[in-house]
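All heavy atoms count here, side chains included; hydrogens, waters and symmetry mates do not.
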Amino acid sequence: MSHHQLDARRMLCPMPVIRTQNFVAKLPAGDTVDVLCTDPGALHDIPAWCRIHGHEIIGTQELDGELIISVRVGTPSG
Amino acid sequence: MLATQAMLEQGIHVEGINFYTGFCVEGHTHAIRKKDKAKPKRNNALWVAEQLGIKLHIIDVIDEYKDVVINPKHGYGSNMNPCLDCKCFMVRKAHEWIEEHNFDFIITGEVVGQRPMSQRRDTMPVIQRESGAEDRLLRPLCAKILPATLPEREGWVDREKLFDFNGRGRKPQIALAEKMGISDFAQPSGGCCFLTDAAYSGKLADLWSARGERRYELDDIMLLKVGRHLRPRPHFKIIVGREEGENRFLEGYRKQFTHLYTTSHPGPLVLLDGEANDDDLQLAAQLAARFSQGKMAETVRVELHEKGAAKRELDVTPLTNEEIPVEWYL
Ligand code: SF4
């Protein structure tokens with residue numbers, strides 16, 4: 001199980017979601033990713049995307065206007 | 001949303017595809033402009049998918065979409081919206097996607113006669129043909145008034161349970177939504193992208209005429225959504241942040257653009273797009289001063305960061321409103 005980082009700073013939604021989606025697609029279940037972003041919309045969209053696809057949000061933090069959204073990759077279904 | 005629900009009710013597995021062209025009306029401007037903070041910043045497509053309990057794939061088509069906007073075979077709608085070409089393009093991409101992922105057919109929420117350009121009875125078959133999807137494209141909401149498609153003929157879906165909606169009226173849709181128990185039925189009645197917006201289209205046309213060619217990058221079309229745009233000279237324009245959120249967004253472009261801001265008074269960040277000589281820079285500084293809190297002051301100090309040059313300071317007199325012709329505003 002590995003931990004990854006994905007830089008989606010300065011990107012506007014839905015680009016951070018698209019990046020997360022494409023990045024997560026290559027990872028096995030159980031891996032974790034910290035998505036770095038600056039668009040506050042990502043705080044809504046990435047968790048919504050995770051819920052739909054069965055991934056888990058393990059935390060969000062805000063640091064100097066930058067957001068870190070941590071995702072644990074779920075088991076692919078159907 | 002209704003079309004999908006109708007399929008789900010027939011026991012069909014549906015997944016959503018949302019194409020991101022760069023022009024989509026989504027969270028961007030909300031995220032950028034603080035004044036809109038009260039509005040939900042949700043991504044509508046994700047929200048709908050979650051309500052319906054289906055997966056949603058968001059696909060970046062920014063680059064491929066350029067050709068649709070720049071050279072639409074069927075022309076534009078009332079603004080720069082190439083709706084018919086756009087629909088053909090999206091259905092074609094969806095068709096590629098279903099082939100790759102072993103899905104059987106495509107559905108859309110189109111209704112005959114609902115939109116002037118892309119949803120007319122005579123343009124519906126154009127989309128089927130030009131997208132290559134042919135009769136694997138099903139429009140559940142108006143299927144009954146269109147020829148039967150493959151999924152209907154094969155019995156994958158029950159045509160009898162589909163609908164015969166027609167025209168601009170939305171009453172039957174609203175009634176159906178109610179029957180399906182969908183209360184927050186958020187379907188845009190206008191266009192789904194900025195290209196249907198007259199002001200936005202004007203700025204895009206200006207960009208193309210200033211550059212002498214019809215071309216754009218993602219950054220260009222993002223910036224058209226943000227700030228006040230003024231073109232005082234044919235060879236340059238300025239983008240002025242209207243409030244904190246926009247200024248913060250524009251800050252991300254400081255490296256790529258000559259930019260300036262007032263230091264003696266609080267004021268916005270101003271980006272300069274194009275080529276500017278010293279007179280032009282002076283004029284840009286006077287405009288920056290005009291949009292700062294020092295607009296009534298005799299002199300305002302402006303810090304100028306010219307692309308590839310050391311920063312400079314200019315003391316300028318702010319332009320007055322009368323000195324700014326309305327034609328400068330894009
Ligand atoms: S309004 Fe919709 S169909 Fe028309 S160009 Fe925009 S995205 Fe395409």
To the nearest 0.5 angstrom, please state how far the [atom1] atom of [X] sits from the [atom2] atom of [Y].
| X | Y | atom1 | atom2 | value |
| --- | --- | --- | --- | --- |
| M222(B) | M15(A) | CE | CE | 8.0 Å |
| H57(B) | W49(A) | NE2 | CH2 | 10.0 Å |
| R10(A) | F249(B) | CZ | CZ | 8.5 Å |

Q: Check the pair L46(B) / I52(A) against side chain to side chain contact (heavy atoms under 4.5 Å, CB included), numbers first and verdict last.
A: CA-CA 8 Å; L46(B) 280 170; I52(A) 293 173; 3.8 Å; yes
Q: Let me know if I54(B) has heavy atoms under 4.5 Å from chain A in its side chain, its backbone, both or neither.
A: backbone
Q. Checking D45(A) side chain against N43(B) main chain: does a donor-acceptor pair fall under 3.5 Å?
A.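 Pair found, side chain donor or acceptor close to backbone of N43(B).
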Q. With sequence neighbours left out, which residue pairs that include part of residues 14-24 of chain A fulfil the side-chain hydrogen bond (donor to acceptor under 3.5 Å, both in side chains) condition?
A.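 Every candidate side-chain hydrogen bond (donor to acceptor under 3.5 Å, both in side chains) pair involving residues 14-24 of chain A fails, so no pair, neighbours aside, qualifies.
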Q: Any chance you could lay out the side chain to side chain contact (heavy atoms under 4.5 Å, CB included) test for I18(A) and Y20(B), step after step, and finish with the verdict?
A: CA-CA 9 Å; I18(A) 299 179; Y20(B) 179 59; 3.8 Å; yes
